[in-house]
Amino acid sequence: MRELKRYLSYIGKYKVPYWSIFIGTLVTSVMLTLIYPYMNKLMFNALEYGDKDLWKRAAALCIVLVVLNCLAPYRRYFQIRVVRRIVFDIKLGLFEKLMKLDMEYYESHHSGEALKTLNWDANSLKDSYFSHIYWVVGRLVNGVTSMLAMLVYSPLLALVSIGFCMVTVSVSVQINRQIKRMDKDIQEKTAQLTARLSDILSGFPTLKMFRGALIVLDFFQSENLAVAGEEKQRVNKLAALEMVSFFLGILASFGTIGAGAFLAARGRLDYGTVMAIVSLQMGVSAMVQGFGSALATFSSSLVKGSRVFDFLELECEESENQGFVEPQTDCAPLMVEHLAFSYHEGTNVLDDFSIVVRENEKIMIMGESGCGKSTLLKLLLRFYRQTSGTIKLYGRDIGDYPVWQLRQLITYIPQNSYLFEGSVWKNIAFGYGGAGQVSDAQIRRAAKSAYAEEFIQMLPQGYDTLLTAGGSNLSGGQRQRIAIARAFLRDAPILLMDEPSSALDAQSEKKIQQALEELARWKVVIMVTHRAGAFAAFDRVVRL
């Protein structure tokens, strides 16, 4: 029930047009359910008694039926428009949520899970809102309406039909519970399979180099077989459900026809009433035969939808209503007191660490691998929350700043900077943190300061040259210089660097050192490195 409430609540601001179309469709369906049997009754009684007035009333109802059926395409058109807009907004909300989640989520969840939720699960909502709700509710409403009409025409025949329906619904609910559990398992295993595929594609060059395709293929095949096995069991259950529903529906139809023929032979019903009840029995049979499979399909939609809604309800990195916090410029730019942090309970990466960094001071952080150098930078960026201790930026606790403002005060250059698919110009523009639109002159000035313009101008289309995802069509030194150009463009007062010149050739390293020394002028700098001689212009070295 909780899943259903969430499922319906995310219709959001479109609930008025959505429910208007939904209710209009149901009302039209109910009218068709009632008018068609009554028209049959009038026609057969007109034949039996030779009554012209009955013929005229039947002809009028026939025209009404034609008009109602002609309106169906218009209802579907507006329904499709509303549903597509709902799903569009949900997918937009999912993407916005992806941008607002903290680093802990991305390090504890595979990216393939998020991709599956954003694409497959979100797209499944389109069919859910468009068809599955209508299948379940529509068949239920039509079936109940048919049974109520049958009670009016003949209570005895109605009780016969209702008795068969209760048996069918009871069996359908029991089998559907098993199908719902299978759907949940299938969704989890499909997400795992997507994650495996993402890993394989990411490591494809390694697979080619070490000829590991056969090993990966066997592994992927075993994962795929597990999903296929779950799907096969689900199909078997669904087939059993449809077979039982169909058998009981046919049994109900024959029972109704037999009882109606018996009552007509005894003179207790006219032939028009019998034909009306037989027509209504079609609605009851449709509900009996299709309700089970429709309910199973809808349950599968609820499972997929729950993954989407669980994702939308994850806690964000910060609340949206945090406003600007005024820094205290008369205080030290950075003050860390008794800082402790642990990725896993009981094992501290940082323990009782303290440091004060003055204005324009340059600090070099050194230490063995795993001692917490990179972790310290991530704590300053608030990628993680410290276990204990305080971190103050310009006299304010970093938790007081909204994340967007905190990161405008800081420029971060990681060891391996990621370049996005797109032009060189756009990749540099990612560093812009000011208001308004970044200008072409600003981009060029940043690239020139980072010693990147000289190789950019040699590219086929210069700044408009398209880069692949990850920047694989550039060298490591070129990628890093674009990252430094981003830093020049941001021009934040605090600069954090994590091994910015590691794994580079001598020529690239020299260029990057020159660019970084220019960038670090008049800034607070904290750089993580393994090599004390990498940069000379540092005030002190802190060892972890």
Main chain of [Y], side chain of [X]: is a donor-acceptor contact present, judged purely on distance under 3.5 Å?
X: N45; Y: G272; answer: yes
X: N427; Y: F420; answer: yes
X: Q405; Y: P402; answer: no
X: N69; Y: L65; answer: yes
X: R486; Y: Y432; answer: no
X: T387; Y: S342; answer: yes
X: N473; Y: T468; answer: yes

Do R57 and Y38 pair up side chain to side chain, a donor and an acceptor below 3.5 Å, judged on atom types alone?
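Distance-only check passes for R57 and Y38.
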Does either side chain, that of S29 or that of N142, offer a donor lying less than 3.5 Å from an acceptor on the other one?
yes
Would you mind reporting whether [Y] and [X] have side-chain heavy atoms less than 4.5 Å apart?
X: D440; Y: W425; answer: yes
X: I482; Y: V424; answer: yes
X: K426; Y: L419; answer: no

Drop me the distance from L32's CG to T145's OG1, to the nearest 0.5 angstrom.
11.5 Å
Test log, rule side chain to side chain contact (heavy atoms under 4.5 Å, CB included), inputs L467 and E421
CA-CA 5 Å; L467 304 180; E421 186 174 356; over 6 Å; no
Students often mix this up, so state it plainly: with edges at 30° and 60°, are the rings of Y343 and Y384 parallel, tilted or perpendicular?
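Aromatic pair Y343/Y384 classed perpendicular.
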Quick check on side-chain contact (heavy atoms from CB on, under 4.5 Å): which of D89, V83, V82 does R85 satisfy it with?
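The single option meeting the side-chain contact (heavy atoms from CB on, under 4.5 Å) with R85 is D89.
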